[in-house]
Student: 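If you scroll down you'll find the structure; I have some questions about it.
Letters A, B, ... mirror the listed sequences (proteins, then strands); counts begin at 1.
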Number of protein chains: 2
Amino acid sequence: MGVQGESPTTSRGVQPPPNLGLVDGLVQLSAAVQAVVARVAAGADLSMAQARLLGVLRDRQPSMAQLAGLLELDKSSATGLIDRAERRGLVRRVDVPEDGRSFRVLLTAKGRRLTEELADEVARGVAALTDGLSEADRRKLAHLAGRVVVHDATARGIDLSTSTN
Amino acid sequence: MGVQGESPTTSRGVQPPPNLGLVDGLVQLSAAVQAVVARVAAGADLSMAQARLLGVLRDRQPSMAQLAGLLELDKSSATGLIDRAERRGLVRRVDVPEDGRSFRVLLTAKGRRLTEELADEVARGVAALTDGLSEADRRKLAHLAGRVVVHDATARGIDLSTSTN
DNA sequence: TATTGTTATACTCTATAACTATA
DNA sequence: TATAGTTATAGAGTATAACAATA
């Protein structure tokens with residue numbers, strides 16, 4: 001819900017609207033950012049799932065189980081995702097000597113090139129969203145977004161300082 | 001990309017970082033909002049696609065073609081989506097007298113109840129994201145998000161005042 | 001026995017192409 | 001002919017359950 005242009009809190013008319021503009025604004029802002037990512041991914045003929053995978057592998061070489069955790073997928077879903085990415089030459093499975101059952105997933109050179117390209121495009125696209133803001137407002141928005149993200153991460157017990165595991 | 005907790009612009013070290021914090025902040029904020037929606041949808045045993053459908057139908061009774069346009073799907077994809085939603089008793093196809101080929105899609109009573117429930121939960125969840133902010137900061141964030149959304153909509157030629165068509 | 005990862009299976013979601021019915 | 005919608009088909013993405021190999 002609220003992923004298109006609709007307004008999840010509109011037209012309820014219950015109380016003195018508490019954070020009506022806030023919720024709508026955040027939902028629609030989120031949709032706009034997602035749209036940028038989706039467009040960039042589609043431009044490289046990638047699904048959102050594959051794009052997310054590349055993003056996660058940008059600074060990690062996780063095991064399948066860790067990868068599934070990072071993407072919040074079942075391990076069997078991760079198997080399929082990696083199979084398809086491997087077929088496209090974007091990632092590799094590399095044996096880990098310590099454990100004969102496990103291996104690490106990492107980007108190939110081709111995968112890394114593509115990942116950096118996409119990251120650049122996403123950065124440009126997202127930055128372009130704020131074209132209409134003054135530099136001061138952009139700073140303010142960055143600050144507020146950062147605080148929300150940190151607060152949320154803390155609230156759900158995620159340590160942000162440990163992103164490169 | 002950037003849909004998880006990663007940082008699409010981190011560790012490039014090219015220039016005096018322009019909007020590094022801004023882009024990362026927005027991408028991660030977007031991910032947090034999407035996660036709220038996804039959690040709420042999953043709680044009602046709905047896919048994101050079905051949740052988006054309900055959101056779009058909240059204040060519209062579009063034709064299939066219009067619906068496909070709103071969801072940015074192929075018309076055949078819309079057919080399947082509506083088929084499944086109809087099977088679950090959430091939406092109905094209603095003949096339009098003026099054109100024997102066409103009809104309108106609308107929420108059933110059950111679908112509307114569920115939609116309003118989900119909208120409430122999403123609103124609460126998204127509002128909770130900003131728990132850590134002062135009231136003044138929440139207002140500021142709402143204002144900035146709104147400006148970005150309007151600017152983006154304008155940039156891609158969308159009229160925001162016509163959401164209830 | 002427990003863990004790591006894959007396979008088998010079944011759905012949902014999506015697009016392309018071909019089709020039907022109506023305009 | 002053109003438009004509205006469906007059907008046929010194919011592939012990606014996802015989950016559950018059962019499995020094999022290793023620890």
Student: Just how far, in rounded Å, is P of D/dT16 from CG of A/Leu73?
Tutor: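 Value for this atom pair: 11 Å.
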Student: Taking only residues two or more places apart in sequence, or in another chain, which ones meet A/Arg101 in a salt bridge (Lys or Arg N to Asp or Glu O under 4.0 Å)?
Tutor: A/Asp99
Student: Is there a side-chain contact between B/Thr79 and the phosphate of D/dT7, meaning an N or O under 4.0 Å from OP1 or OP2?
Tutor: no
Student: Quick check on D/dA4: is either OP1 or OP2 less than 4.0 Å from any side-chain nitrogen or oxygen of B/Arg104?
Tutor: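 No, B/Arg104 has no side-chain N/O under 4.0 Å of OP1/OP2 on D/dA4.
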Student: Given atom CG of B/Asp83 and atom P of D/dA4, what is their separation to the nearest angstrom?
Tutor: 19 Å
Student: May I have the distance from A/Ile82 (atom CD1) to C/dT4 (atom P), rounded to whole angstrom?
Tutor: 17 Å
Student: For the pair made of CE in B/Met48 and C1' in D/dT14, what is the distance, rounded to whole Å?
Tutor: 14 Å
Student: When you measure only distances, ignoring hydrogens and angles, does the side chain of B/Arg101 come within 3.5 Å of the base of D/dT3 through a donor and an acceptor?
Tutor: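 Answer is yes: a donor-acceptor pair is held.
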Student: In whole Å, what is the span from the CG atom of B/Asp74 to the P atom of D/dT9?
Tutor: 17 Å
Student: Quick one, A/Met64 and A/Arg104 - any side-chain contact, counting heavy atoms below 4.5 Å?
Tutor: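 Not in contact.
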Student: What nucleotide among C/dG5, C/dT4, C/dT12 has an atom nearest to a side-chain atom of A/Phe103?
Tutor: C/dG5
Student: With a cut-off of less than 4.0 Å, is there a side-chain N or O of A/Ser77 near OP1 or OP2 of D/dA15?
Tutor: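 True: A/Ser77 side-chain N/O within range (under 4.0 Å) of D/dA15 OP1/OP2.
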Student: Give a yes or no on whether a donor-acceptor pair under 3.5 Å exists between the nucleobase atoms of C/dT16, that is its base, and the side chain of B/Ser76.
Tutor: yes
Student: To the nearest Å, give me how far apart CG (B/Asp95) and C1' (D/dT6) are.
Tutor: 15 Å
Student: Considering heavy-atom distances to DNA chain C, does A/Ser63 or B/Arg87 have its closest nucleotide positioned more toward the 5' end?
Tutor: A/Ser63
Student: So does A/Arg124 pair up with A/Glu121, basic N to acidic O under 4.0 Å?
Tutor: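 So A/Arg124 does not pair with A/Glu121 through a salt bridge.
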Student: Over all strands shown, is B/Gly100 touching base, sugar-phosphate only, or nothing at heavy-atom distances under 4.0 angstrom?
Tutor: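 Counting heavy atoms under 4.0 Å across all strands, the contact made by B/Gly100 is with sugar-phosphate only.
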Student: Between P on C/dT3 and NZ on A/Lys75, what's the gap in Å once rounded to a whole number?
Tutor: 10 Å
Student: Check every atom of C/dG5, D/dT16, D/dA4 against the side chain of A/Ser102 and return the nucleotide holding the closest atom.
Tutor: C/dG5
Student: Taking OP1 and OP2 of C/dT4, is either one under 4.0 Å from a side-chain nitrogen or oxygen of A/Gln66?
Tutor: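 No.
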Student: Reading DNA chain D from 5' onward, which residue's closest nucleotide shows up sooner: A/Asp99 or B/Arg93?
Tutor: B/Arg93
Student: May I ask you to say whether A/Arg92 pairs ionically with A/Glu86, meaning some side-chain N is under 4.0 Å from a carboxylate O?
Tutor: no
Student: Between A/Pro97 and A/Leu81, which is nearer to the 5' end of DNA chain D once each is assigned its nearest nucleotide?
Tutor: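 Counting from the 5' end, the first nearest nucleotide belongs to A/Leu81.
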Student: Taking CG from B/Leu46 and P from C/dC11, how many angstroms apart are they, rounded to a whole number?
Tutor: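 For the pair B/Leu46 CG and C/dC11 P, the rounded distance is 18 Å.
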Student: Less than 4.0 angstrom from a charged side-chain N to a carboxylate O is my criterion; do B/Glu116 and B/Arg112 meet it?
Tutor: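 Result for this pair is yes, salt bridge flagged.
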Student: Could you grab the distance from atom CG of A/Leu133 to atom CZ of B/Arg147, nearest 0.5 Å is fine?
Tutor: 5.0 Å
Student: Of all the nucleotides listed (D/dA15, C/dT12, C/dG5), which has the minimum atom distance to the side chain of B/Arg84?
Tutor: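 Taking heavy atoms from C-beta onward, the closest nucleotide is C/dT12.
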